[in-house]
Amino acid sequence: MDVRTYDIDGFTEGLVEHGLIVPTGIRGAYGRGPVFEDILRSFNDLVSRIAAPDKAQELMFPPILARSLIEKVGYMDNFPQLAGSVHSFMGSDREARELSARAHAGERWEELLSPTDVMLTPAACYPVYPTFSGLLPEGGRLVTVMNWVFRHEPSDEPTRLQHFRMREFIRVGKPEDVVKWRDAWLERGLKLLEGLGLPVQSDVASDPFFGRAGRMMAAGQVEQRLKFEILCPVISREKPTAICSFNWHQDHFSSKFGIRNADASVAHTACLGFGLERVTLALIKAHGFDPADWPDRVRSQLWP
Ligand code: AMP
Ligand code: ZN
């Protein structure tokens with residue numbers, strides 16, 4: 001079967017017809033109807049209930065990041081093609097009139113804007129790492145966040161969005177503790193998603209590093225088994241969609257932000273992220289457009 005066309009039209013049309021998503025005219029940026037939101041929120045709440053014994057610290061950040069932080073984490077070195085920069089107008093009266101005239105005349109006006117101090121957050125965990133700076137408490141720390149993230153990858157696939165929500169857990173501590181935590185969550189994540197009737201599997205993965213040098217980095221990432229994904233068929237059986245990712249950054253962030261364990265050794269970090277829109281779409285794909293018709297064992301977990 002053709003990977004590109006497997007049910008993609010029928011599925012996207014069905015999502016729109018059932019009021020689950022609302023087209024906006026922007027590729028990869030649709031509105032969400034109340035049923036879609038209810039599923040997404042209920043899944044996020046289920047994750048919270050399952051993770052409750054871990055007592056993660058819950059933090060909330062705005063969906064923008066300091067430009068300096070984007071630079072510091074190396075985002076412009078690794079993923080410039082995905083970045084979203086916020087620009088605004090900082091000019092004179094004359095320039096403002098010029099901008100307005102150009103916009104009305106259908107001419108380009110963006111060159112009259114200047115970059116602000118902020119960029120759109122590309123991963124929900126980025127604002128967390130600076131909060132770990134310094135000496136960690138014994139046993140390290142665990143934080144959870146949920147946020148909108150932006151990635152410039154316009155697409156007509158309903159699973160490939162420019163703006164979507166990520167529920168993340170971020171662990172920092174001794175390397176062996178961090179890896180143990182990552183491995184345990186991989187099991188836990190698979191069990192959680194299988195329990196919701198999703199035909200998932202896990203695999204090693206890599207990030208879409210930019211360019212030729214990027215391909216080497218991606219190969220190294222796979223070789224060192226630094227990234228795992230939980231995959232589920234949503235729009236293609238042959239190319240299942242990553243609905244959850246597990247990243248072991250080793251000392252990438254801790255070296256940049258001076259994060260040390262209680263014994264002063266260099267800490268490691270790892271994060272895991274559920275792509276909430278993708279999980280929602282995987283559930284709809286598996287069980288149908290109307291959650292009222294979903295199996296009781298799935299409904300009872302999402303809406304206890
Ligand atoms: P990553 O930080 O790239 O590992 O992404 C974390 C999770 O976000 C992935 O496992 C996906 O579930 C989700 N995700 C990544 N890119 C997109 C996208 N373009 N649209 C929707 N969800 C995405
Ligand atoms: Zn992360």
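Read the numbers this way: they start at 1 and go in the same order the structure lists the ligands and their atoms.
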### Query
Where does the angle between the aromatic ring planes of Phe257 and Phe253 fall among parallel (under 30°), tilted (30 to 60°) and perpendicular (over 60°)?
parallel
### Message
Check whether Trp185 forms a cation-pi arrangement with Arg188 (NZ or CZ under 6.0 Å from the six-membered ring centre, at most 45° off the ring normal).
### Response
yes
### Task
Run the ring-centre check on Phe61 versus Tyr126 and record whether the distance is less than 6.0 Å.
no
### Query
When you measure from the side chain of Ser92 to the backbone N and O of Glu95, does any donor-acceptor pair fall under 3.5 Å?
yes
### Query
Where the side chain of Thr24 meets the backbone of Ile26, is there a donor-acceptor pair that is under 3.5 Å apart?
yes
### Message
Can you see whether Phe11 has Lys285 sitting over its ring - NZ or CZ less than 6.0 Å from the centre and within 45° of the normal?
### Response
yes
As a test of reading the model: which N/O atoms of the protein lie under 3.5 Å from N/O atoms of ligand 1, and at what distance?
| unit_1 | atom_1 | unit_2 | atom_2 | d |
| --- | --- | --- | --- | --- |
| ligand 1 | 2 (O) | Arg151 | NH2 | 2.9 |
| ligand 1 | 3 (O) | Arg151 | NH1 | 2.7 |
| ligand 1 | 4 (O) | Lys227 | NZ | 2.6 |
| ligand 1 | 4 (O) | Ser245 | OG | 2.9 |
| ligand 1 | 10 (O) | Cys244 | N | 3.4 |
| ligand 1 | 10 (O) | Ser245 | N | 3.4 |
| ligand 1 | 10 (O) | Ser245 | OG | 2.6 |
| ligand 1 | 12 (O) | Ala242 | O | 3.0 |
| ligand 1 | 12 (O) | Ile243 | O | 3.2 |
| ligand 1 | 12 (O) | Gly275 | N | 3.4 |
| ligand 1 | 19 (N) | Glu153 | OE2 | 2.8 |
| ligand 1 | 19 (N) | Leu161 | N | 3.4 |
| ligand 1 | 19 (N) | Leu161 | O | 2.9 |
| ligand 1 | 20 (N) | Thr159 | O | 3.3 |
| ligand 1 | 20 (N) | Leu161 | N | 2.8 |
| ligand 1 | 22 (N) | Arg278 | NE | 3.2 |

### Message
Need one value: angle at the Zn ion (ligand 2), Cys271 atom SG versus Glu168 atom OE1, rounded to 10 degrees.
### Response
100°
